[in-house]
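What follows is a set of notes on a single structure, which appears directly below.
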Protein chains: 2
Amino acid sequence: MIGTPEAAQTKVQQRREERTSEIVAAAWALAREEGIAGVSLHGLARKVGMRQPSLYSYFDSKHALYDAMFADGNRRLLARLDALDLPDDPREALKVHTREFVQFSLDHPETNPLLFQRTIPGFEPSAGSYALAQQMLADSVRLMHEAGITDPGDVDCSIAMIAGLLAAQLSNDPGGDRWVRHLDRLVDLFVDDALARSTR
Amino acid sequence: MIGTPEAAQTKVQQRREERTSEIVAAAWALAREEGIAGVSLHGLARKVGMRQPSLYSYFDSKHALYDAMFADGNRRLLARLDALDLPDDPREALKVHTREFVQFSLDHPETNPLLFQRTIPGFEPSAGSYALAQQMLADSVRLMHEAGITDPGDVDCSIAMIAGLLAAQLSNDPGGDRWVRHLDRLVDLFVDDALARSTR
DNA sequence: GTCTATACTAAGATAGAC
DNA sequence: GTCTATCTTAGTATAGAC
């Protein structure tokens, strides 16, 4: 019922969550402009029209902000991957999934240092946020398995190879495709090699 | 002749260069302990028994220190690679060279962010220092060519793959070999693929 | 929840005596 | 070349009024 304490409470909470989301989005925008290390609470507050101490109403510390960004980035990545309509052929499914993962990272290069590297001194994601990252990884590994990459060492190599291509692309040719254009071919190469090794 | 102005000048310069080398070595030691971002002029001065402003007698700025470290790291890497006695077989030569490069990075993990990533905001190596890095890369590319990896795209992929393995190793299992143990096999995979593609 | 004011810490860099 | 002293800037975080 409108006007009851419960409804009011809910509305306040909702508004607060919206505001928190706005702040996290602004933090990502700032990270894109200045790099993840350039995200300061002063700059972030300016961006959302607040004073710096006011941010402490939403985040207990700078690391809590990082954690919220980490969770948010992983959630957005998972949403894109879940929205994929994967083909039946497992090899093609792996390619589509991998391409989408890489495309997300190219679309949002600012997420890379926080999500996939350990570039922020002292930051460790909370258990809940980390679980999101692990789910993403688990999906990738499952698709690799279904495509024939079953050996754990081969899985490690495949993931490292994809990460290597992506890192080279982002740091040397952001916006281009000099490295990532070889993705499909390399997935084929790794799948073929895994299949050849498993039937030997 | 001893005692002439020229000899004295030389001795002073030599002493100064030695002292500079000591400071750079201490900076690397500090980077190893605290990470490259943890290298502060205060901490470095403490380590070499000086006060922080005294370092400005040796380096005009923090970036000048980074540049000296960058040059020093590349010089040590080049020295190790040049000291290799490469086998005649080009494929084996590539493997030995690649292994040594990776081993250097594992032995000196603190060099990785400065030498091979762009992790320090605003730092660009000077032309002279950068030339050292390019020479290292040129040697690798030459060995790849001789082993049959001639297509520029294949060279890009090979380098990115090696960097990917190394990055995964350093950030997830430093001191272990979970990723780098697959190096030789992957070099073979890439060489075989390049050869198969070139004769097709 | 938001503000002003401020504490605290730490960094790079410069001035000037010795 | 090295020191003491200081400047300047910038960051996170807290106290307390409104």
Side-chain angles (χ1 to χ4, degrees), chain A residues 5 8-27 30-31 33-70 113-114 119-124 126, chain B residues 5 8-27 30-31 33-70 113-114 119-124 126:
Chain A
Q9 174 93 348
T10 300
K11 226 175 187 174
V12 166
Q13 283 181 345
Q14 230 176 28
R15 180 78 192 110
R16 184 188 165 83
E17 277 168 29
E18 279 170 23
R19 201 93 179 86
T20 304
S21 292
E22 286 170 18
I23 295 171
V24 168
L30 201 53
E33 295 160 16
E34 322 254 337
I36 186 72
V39 176
S40 74
L41 296 181
H42 284 92
L44 177 56
R46 197 178 316 121
K47 194 142 207 159
V48 296
M50 280 182 177
R51 302 295 176 157
Q52 174 254 346
S54 305
L55 291 174
Y56 282 83
S57 295
Y58 297 91
F59 305 100
D60 287 342
S61 68
K62 181 99 185 264
H63 275 33
L65 168 65
Y66 284 142
D67 195 57
M69 293 171 74
F70 182 88
L114 188 59
T119 216
I120 288 139
F123 169 64
E124 290 288 323
S126 64
Chain B
Q9 173 91 350
T10 300
K11 226 173 186 173
V12 166
Q13 284 181 344
Q14 230 178 26
R15 181 76 194 112
R16 185 188 165 82
E17 276 168 31
E18 280 169 23
R19 200 94 179 87
T20 304
S21 293
E22 286 169 19
I23 295 172
V24 168
L30 201 52
E33 295 160 16
E34 321 254 338
I36 187 73
V39 176
S40 74
L41 296 180
H42 284 91
L44 178 55
R46 198 178 316 119
K47 193 143 209 160
V48 297
M50 278 182 177
R51 302 294 177 159
Q52 173 254 346
S54 305
L55 290 174
Y56 282 84
S57 295
Y58 297 91
F59 305 100
D60 288 343
S61 68
K62 181 98 184 264
H63 275 33
L65 168 66
Y66 284 142
D67 195 57
M69 292 171 74
F70 182 89
L114 188 57
T119 217
I120 288 138
F123 170 64
E124 291 287 323
S126 64

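Computed from a predicted model, the values in this text were never measured in an experiment. Order of the sequence lines fixes the chain letters, A, B, ..., with proteins taken first and strands second; residue numbering starts at 1 for each chain.
Along DNA chain D, the nucleotide nearest to B:R16 and the one nearest to A:H63 differ in position, and the one closer to the 5' end is contacted by B:R16.
Taking atom CG on B:L65 and atom C1' on C:dA11, their separation rounds to 14 Å, with Å as the unit. Rounded to a whole Å, the OH atom of A:Y66 is 7 Å from the P atom of D:dT12. Rounded to whole Å, the distance from CG on B:L44 to P on C:dA10 is 17 Å. Between A:F123 atom CZ and D:dT12 atom C1' the separation is 17 Å, expressed in whole Å. When rounded to the nearest whole Å, the span between CG of A:L41 and P of D:dT14 equals 11 Å. Between the NZ atom of A:K62 and the C1' atom of C:dT9 there is a distance of 14 Å, given to the nearest Å. If you take OH of B:Y56 and C1' of C:dT14, they are 9 Å apart, rounded to a whole angstrom. Rounded to whole Å, atom C1' of D:dG1 lies 16 Å from atom CD of B:E18.
One distance of note links CD1 of A:I23 with NZ of A:K47; it measures 13.5 Å at 0.5 Å rounding. Interatomic distance, B:L41 CG to B:L55 CG, rounded to the nearest 0.5 Å: 6.0 Å.
For B:S61, the side-chain contact (heavy atoms from CB on, under 4.5 Å) partners two or more places apart in sequence, or in a different chain, are B:H63, B:A64.
Two residues are said to be in side-chain contact when any heavy atoms from C-beta on lie closer than 4.5 Å; A:F59 and A:D67 fail this criterion. Residues A:Y58 and A:M50 are in side-chain contact: their nearest non-hydrogen atoms beyond the backbone lie under 4.5 Å apart. Contact annotation: the side chain of A:R16 never approaches that of A:R19 to less than 4.5 Å [non-hydrogen atoms, C-beta and beyond].
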Please write out each protein N/O paired with an N/O of nucleotides 2-5 of chain D under 3.5 Å, distance rounded to 0.1 Å.
residue: D:dT2; atom: OP1; partner: B:Y58; partner atom: OH; Å: 3.4
residue: D:dT2; atom: OP2; partner: B:Y58; partner atom: OH; Å: 2.8
residue: D:dC3; atom: OP2; partner: B:R51; partner atom: N; Å: 2.9
residue: D:dC3; atom: OP2; partner: B:S54; partner atom: OG; Å: 2.6
residue: D:dT4; atom: OP2; partner: B:R51; partner atom: NE; Å: 3.1

